[in-house]
Amino acid sequence: MDIFYPKKRRIMQLLILAVLTVFFAITPAAQADMVQVGEPIVTPGWDLSLPSIAETYKDYFMIGNVMSTYQTTDGELTAMYKHHYNLVTAENDMKPQYLSPVKGLYYFINADTLIRWAEANNIKVHGHTLVWHSQSAAWLTTGADGNPLTRAEARANMEEYITNVAGHFRGKVISWDVVNEAFADGSGLPADWKDALRKDSPWYLAYENGADQSKGESGADYIYDAFVFTRLTDPEATLFYNDYNETDSWKREAMAMMAEELNAKWKTDKRNTQPDRLLIEVLGMQAHYWTASLNVYAVEAAITRFIKAGVKVAVTELDIPYGSWTNQHSTPLTEEEELLQARLYAQLFKVYKQYAPHIERVSFWGKADSQSWRAKGSPLLFDRTFAAKQAYYAVIDPEGFLRANP
Ligand code: 9MR
């Protein structure tokens, strides 16, 4: 089908709008909290007499979490959210796949609902995410034949997308994950950070298609463009590069090298009207850990390396499921397991507090164990009944918790 024929394109757009509307309408039911077989049935309820996490950390950094638009009509959840958090990331609603599924169509309804909810509750919004290899929209980077667009086409699409999206949310978000997860899995320590990138990212492939190597051009150039387009569109927003496994020594090094090089390049870029301001201002540590492998020294090493690169640090998607990638746990946790997990949370927050002047925020990726993308491992501070776990108390007072539970 030729989707560029205007009438047909309009029909396509309307069809997609209808499908999206139905999808979002059924999402709440589809994603309702799971009850585990054999578990006693307890009606979940949030205890708002517990000390607020955001209040506890108000002199250190912001405390955030995720929300989905369908959750914004839940009054009890909203009351809890306001109590514990002062920042929100849309878990999915602001990803390119949902905001612009086809060229020329922008679907802001869900994201706008979430933003209105945040504004009404005095919660700041972090934009997640503009340029990503996953949950993206094919039109940005890929032709109808499935082949990568040319570098020039992809660049024009990126500019259009970022101008529209970052423009739409200007003044409503305080920051953006401009580029998410650009590095490949399991690389070695690179001589050049570009060698460690995901070469199969649709953005990389399109930017490589027509790159003039004699001028030093490569697929990697999409990263700089994304940051520049975002800065020019929303100069108020703080710009993040965000990634996982940031504690791996090769990856923290690659992230830091990239920030150093692109920030140096921006210094002499004619479009830069704020010479004292960095382009990549924050390196986001997703912090998707496992109890079996979390090494708090590696977390500290990543923080200090990022500080050395001259940027701020943010913990953007923290969770610590029990077990490991290859040995995933099923719920519920024993008392001992909960304590082990809590100690790790305490150790992390002790480090975060120590580096607080450099840490912009700590955001969790989920509110209760039942609502997590890794629910099986019970990764969060509140359990399936929304009761506070040992991990909550560890976060509220890490030093005290570690003294009591050495
Ligand atoms: O938590 C998100 C989950 O609901 C989605 O199905 C998933 C799809 O990729 O994305 C999850 O969020 C991811 C985030 O956007 C980027 N970092 C990793 C997060 C967990 O997968």
Side-chain angles (χ1 to χ4, degrees), residues 20 23-24 26-34 64-72 77 81 85 87-101 110-111 114 125-138 140 165 169 173 175-186 197-198 200-203 223 226 239-248 251-252 255 282-290 293-294 302 313-321 323-325 328 361-382:
L20 279 171
F23 172 76
F24 282 106
I26 60 167
T27 300
Q31 299 193 3
D33 299 341
M34 290 174 298
N65 209 315
V66 282
M67 280 289 285
S68 290
T69 302
Y70 74 86
Q71 296 172 324
T72 57
L77 185 76
Y81 203 102
Y85 308 104
L87 175 75
V88 69
T89 304
E91 185 165 3
N92 288 296
D93 296 289
M94 289 172 79
K95 292 175 178 173
Q97 180 186 18
Y98 302 122
L99 290 186
S100 185
N110 277 297
L114 185 58
V125 183
H126 174 65
H128 174 80
T129 175
L130 291 168
V131 170
W132 191 19
H133 66 277
S134 172
Q135 286 187 288
S136 200
L140 289 163
V165 172
F169 295 112
V173 299
S175 48
W176 272 109
D177 286 331
V178 177
V179 178
N180 198 38
E181 302 173 0
F183 289 103
D185 289 319
L197 289 173
R198 278 176 203 277
D200 58 353
S201 155
W203 282 112
I223 298 177
L239 306 188
F240 285 42
Y241 173 79
N242 190 45
D243 216 327
Y244 62 86
N245 288 356
E246 71 288 340
T247 46
D248 287 359
K251 202 177 226 182
R252 69 178 184 243
M255 287 168 70
V282 179
L283 285 175
M285 308 173 68
Q286 288 190 5
H288 288 301
Y289 302 133
W290 292 99
S293 51
L294 172 54
V313 179
V315 178
T316 53
E317 308 184 7
L318 175 61
D319 55 12
I320 322 178
S324 68
W325 177 253
Q328 303 203 11
R361 73 185 56 166
V362 177
S363 280
F364 298 90
W365 205 251
K367 300 173 281 288
D369 283 342
S370 49
Q371 301 169 337
S372 161
W373 71 298
R374 304 203 279 182
K376 255 174 88 183
S378 303
L380 298 165
L381 308 190
F382 298 92

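Atoms within a ligand are numbered from 1 in the order they appear, just like the ligands themselves. Count residues from 1 along the sequence.
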Atom of [X], atom of [Y] and distance for their closest heavy-atom approach:
| X | Y | answer |
| --- | --- | --- |
| Glu181 | Gln286 | OE2-NE2, 3.0 Å |
| Ser372 | Leu380 | CB-CD1, 3.7 Å |
| Thr129 | Val178 | OG1-O, 4.3 Å |

In ligand 1, which numbered atoms sit nearer than 4.0 Å to a non-hydrogen atom of [X]?
| X | result |
| --- | --- |
| Glu317 | 14 (C), 16 (C), 17 (N), 18 (C), 19 (C) |
| Gln286 | 17 (N), 18 (C) |
| His128 | 14 (C), 15 (O), 16 (C) |
| Trp132 | 9 (O), 15 (O), 16 (C) |
| Glu181 | 16 (C), 17 (N), 18 (C) |

Minimum side-chain heavy-atom gap [X]-[Y] below 4.5 Å:
| X | Y | value |
| --- | --- | --- |
| Asn110 | Tyr98 | no |
| Asp319 | His288 | yes |
| Asp248 | Phe183 | no |
| Glu317 | Trp373 | no |

Any cation-pi pair here, Arg374 with Trp365, using under 6.0 Å and within 45°?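 Judged by the rule (NZ or CZ under 6.0 Å from the ring centre, within 45° of its axis), Arg374 is not positioned above Trp365.
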
How close does the nearest protein non-hydrogen atom get to [atom], and which residue and atom is it?
| atom | result |
| --- | --- |
| atom 8 (C) of ligand 1 | Gln135 OE1, 3.0 Å |
| atom 1 (O) of ligand 1 | Glu91 OE2, 2.4 Å |
| atom 10 (O) of ligand 1 | Lys95 NZ, 3.0 Å |
| atom 5 (C) of ligand 1 | Asn92 OD1, 3.4 Å |

Decide whether the shortest distance between a heavy atom of [X] and an atom of ligand 1 is less than 4.0 Å.
| X | value |
| --- | --- |
| Arg374 | no |
| Trp365 | yes |
| Asn180 | yes |

Could you tell me whether the side chain of Ser201 and the main chain of Trp203 form a donor-acceptor pair under 3.5 Å?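 Checking the backbone N and O of Trp203 against the side chain of Ser201, a donor-acceptor pair under 3.5 Å is found.
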
Report the part of Asn242 in contact with ligand 1, treating N, CA, C, O as backbone and CB onward as side chain, heavy atoms under 4.0 Å; options are side chain, backbone, both, neither.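 Asn242 to ligand 1: no contact under 4.0 Å from either part.
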
So is there a nitrogen or oxygen of Ser134 less than 3.5 Å from a nitrogen or oxygen in ligand 1?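 No: no nitrogen or oxygen of Ser134 is under 3.5 Å from one in ligand 1.
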
Has ligand 1 got any nitrogen or oxygen that is less than 3.5 angstrom from a nitrogen or oxygen of Trp373?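 No, Trp373 has no N/O under 3.5 Å of an N/O on ligand 1.
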
Stepwise, does the side chain to side chain donor-acceptor pair (under 3.5 Å) test hold for Ser175 with His126? CA-CA 5 Å; Ser175 48; His126 174 65; 2.7 Å; yes

